[in-house]
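Side-chain atoms are counted along with the backbone in the values below, which use heavy atoms only and exclude waters and symmetry mates. What you are looking at is a predicted structure, and each value in this text was computed from that prediction instead of being measured.
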Amino acid sequence: MSQIFLVGFTGMATWEAVLYILCGLGIFLYGINMMGGSLKSLAGNKMSIIIEKTTNTPLKGMLVGFIVTMLTQSASGTSALAVSLVAAGLMTFPQALGILLGANIGGTILTIILAAFSNLKIMPIVSVILVFIGASMVFFFKKKKIKQLGSVVLGFGFIFLGLSFIDMSFKTILSDYNEMIVKMFEGVSKVPVLGVLIGTIFTFIVQSSSATIGIVQSLYSSALSTGTEVISLSGALAIMLGANIGTTITAFLASLGSSKSAKKVATANILIKFFGVLVFTIAFSGYLWLITKLNNAFKWEYNEMIIAIAHLLFNIVNSFVFLFLLNPLTKICNLIIKGDDESDIEKQLSDYTLIKKSPALALDFVGKAINYMADLALNYFKLAYEYSFENNPSCIEKAEAYEHEINGLDKKTHDYLIKLTEAEIDKDNTNLVSKYLDTIKDLERIGDHCTNLVGFFSERYEANVLLSKEGIEDLSKMYEKLNEMVESAVYGIKNWDKDVARIVIIDEEDVDSMEEIYRKRHIERLTKGICTVSNLDYYVDILSNLERIGDHTHNIANNVINDDYCQGEVYNH
């Protein structure tokens with residue numbers, strides 16, 4: 001069957017063969033991207049959610065990383081996703097290390113599959129069949145799941161088709177320039193470091209270790225058809241090792257502009273591969289001896305499978321060794337990337353990468369950002385509470401910092417949520433986006449009222465306008481009630497606790513009554529001369545701002561209680 005496929009490649013000029021190799025490489029890379037992306041879409045967001053939720057230990061993370069990479073056939077893609085999750089604060093640095101180790105092993109499966117099909121001599125015809133079936137499923141079926149499954153099949157077909165193009169074109173070039181190519185690879189066979197360097201550079205460029213190793217497998221096995229060894233087992237292993245370093249570029253690029261934790265993940269990924277390859281290169285003669293023994297035991301003669309097995313063996317040994325070296329690795333990464341592991345929320349809200357990879361996880365990240373914003377609003381309220389009864393000048397500077405950060409988060413989170421609406425999200429998540437948009441607006445308005453309160457009391461202190469004893473008592477009671485409400489509202493947001501949210505709804509009615517009663521009492525004190533009439537009194541305005549803070553906590557609680565988004569009373573004072 002493969003001979004039939006080869007007919008179209010015989011007699012072509014060298015420049016045509018080179019073009020076919022480039023075309024085959026493009027088809028191969030596109031196939032990997034299509035298959036991995038389609039598998040992720042087929043699984044919905046479950047795959048990404050599993051990564052986040054089931055990696056509480058390095059060993060579990062390693063298992064999850066292996067399974068996910070085995071399914072998507074993209075170790076670099078899994079590593080880049082781990083970087084994104086850490087950058088978004090959805091995964092810790094130690095958790096991500098386990099993912100990386102598992103991804104390294106999972107990324108070897110494709111080379112084993114390619115070798116198996118190549119040995120059966122059916123890769124060309126299988127590629128054509130898979131492309132036909134996949135394309136038919138994509139174009140002739142309306143169901144989304146079938147189309148996605150068709151894209152997986154089509155992607156697999158493209159992987160085989162691209163590699164077949166490369167394999168057949170190489171055979172044409174080898175037949176014309178066999179002696180020259182053999183001499184070119186002699187240096188790689190004699191100097192393993194040169195092979196490692198070539199493998200690293202080529203994989204840096206194509207960003208796929210599977211592509212590099214697939215080409216090496218074709219070159220190694222070509223001896224069976226040409227009768228001449230193009231590249232020795234030694235040279236093939238050296239280039240394969242270099243490909244393992246080159247594949248780290250994807251995660252590294254994903255970490256640029258991200259948090260320090262994300263940079264640490266990318267750094268760890270590079271260190272794991274680099275030190276592993278370094279040790280195997282130093283002990284290359286022993287590694288080559290072991291692989292040669294295995295090759296002889298299976299009686300494989302220039303069989304692509306031995307390269308795949310060598311690749312698998314390297315990654316298994318390397319990953320399990322580093323599983324016991326995670327603490328030293330963490331310390332090294334902390335020395336290289338100095339600073340704490342907390343992500344910069346505002347910075348990450350400007351990065352929409354996670355939305356493209358997993359809208360559900362991006363929404364989960366927004367939830368964490370809103371929790372952070374809620375904590376800021378609560379702390380700001382407590383600061384305003386403190387400043388209302390004690391003239392502490394340092395509160396002014398802190399208030400400005402809170403106001404600036406809350407306003408910044410409000411804008412960034414709003415823009416992030418709007419961007420999320422452009423992604424494919426289901427009805428429940430669309431409902432949640434709407435709730436989140438209302439919640440950040442209410443949190444921002446709480447911050448605005450706290451700013452007003454600090455401003456009112458700042459002017460009172462400067463003018464030495466003091467509160468009366470009765471005024472202090474009334475204000476203290478209102479603040480105390482509101483403090484409970486804001487704390488409950490924040491707790492309700494973080495835990496989606498409906499029972500706590502219902503308490504906020506009830507308490508809000510008390511705050512409305514307090515505002516009305518205390519305003520009347522203040523007017524009575526003014527008429528009786530207990531309080532001095534002044535343009536800087538602001539007491540009624542203070543009560544009004546407190547009452548409006550109650551309104552916004554009421555809105556937040558409503559969003560927690562109502563399962564379906566229903567915009568009730570919204571207070572935009």
Side-chain angles (χ1 to χ4, degrees), residues 18 21-22 25 28-29 32 75-76 79 100 103-104 107-108 110-111 163 166 170 173-174 177 179-223 229-253 255-256 266-292 304 306-315 317-319 321-322 332 336:
V18 171
I21 289 172
L22 294 175
L25 182 60
F28 181 89
L29 294 173
I32 287 178
S76 55
S79 301
L100 295 181
N104 292 339
T108 66
L110 182 59
T111 57
L163 201 58
I166 293 170
F170 263 132
I173 294 176
L174 288 171
Y177 301 96
E179 188 176 342
M180 184 181 75
I181 293 171
V182 168
K183 286 184 178 179
M184 184 174 69
F185 279 108
E186 276 181 2
V188 175
S189 301
K190 293 177 181 177
V191 186
V193 174
L194 181 60
V196 171
L197 187 62
I198 291 172
T200 300
I201 293 172
F202 187 79
T203 310
F204 263 132
I205 295 170
V206 300
Q207 293 190 37
S208 172
S209 59
S210 295
T212 303
I213 295 170
I215 291 172
V216 170
Q217 286 175 313
S218 294
L219 285 170
Y220 178 68
S221 64
S222 64
E229 182 182 81
V230 178
I231 184 171
S232 67
L233 181 59
S234 172
L237 293 181
I239 294 175
M240 178 273 292
L241 289 175
N244 279 275
I245 298 177
T247 193
T248 62
I249 185 64
T250 306
F252 173 75
L253 293 174
S255 74
L256 296 178
T267 302
N269 193 36
I270 294 171
L271 291 176
I272 289 168
K273 290 290 193 177
F274 177 79
F275 282 117
V277 171
L278 179 63
V279 170
F280 270 69
T281 304
I282 293 171
F284 191 77
S285 58
Y287 180 48
L288 178 60
W289 175 84
L290 177 61
I291 298 302
T292 303
E304 295 177 1
I306 194 62
I307 309 297
I309 296 299
H311 186 214
L312 175 64
L313 181 64
F314 162 74
N315 279 285
V317 172
N318 194 43
S319 293
V321 167
F322 271 100
I332 293 171
I336 296 172

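Closest approach of Phe322 and Ile272 over heavy atoms only: CE1-O, 3.5 Å.
Of the inter-residue distances, the one linking Asn104 atom CG with Asn315 atom CG reads 5.5 Å to the nearest 0.5 angstrom. Of the inter-residue distances, the one linking Phe275 atom CZ with Ile332 atom CD1 reads 5.5 Å to the nearest 0.5 angstrom. Separation of atoms CG (Leu288) and OG (Ser232) is listed at 8.0 Å; rounding is to 0.5 Å. Put simply, OG on Ser319 and CZ on Phe314 are 8.0 Å apart, with the number rounded to the nearest 0.5 Å. Rounded to the nearest 0.5 Å, atoms CG (Leu233) and CD1 (Ile307) are 5.5 Å apart. With rounding to the nearest 0.5 angstrom, the CG atom of Leu237 is 7.5 Å from the OG1 atom of Thr292.
A side-chain donor-acceptor contact under 3.5 Å links Tyr287 to the backbone of Ala310. The backbone N or O of Asn244 sits nowhere less than 3.5 Å from a side-chain atom of Thr248 that would complete a donor-acceptor pair. Listed for the Gln217 side chain is a donor-acceptor partner under 3.5 Å among the backbone atoms of Glu304. Panel note: side chain Asn318, backbone Val277; no donor-acceptor pair is recorded below 3.5 Å.
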Mind listing the side-chain donor-acceptor pairs of residues 191-203 below 3.5 Å, one per line with the distance, residues two or more places apart or on another chain?
| residue | atom | partner | partner atom | Å |
| --- | --- | --- | --- | --- |
| Thr200 | OG1 | Val196 | O | 2.8 |
| Thr200 | OG1 | Gly242 | O | 3.1 |
| Thr203 | OG1 | Gly199 | O | 2.7 |
| Thr203 | OG1 | Thr212 | OG1 | 2.8 |

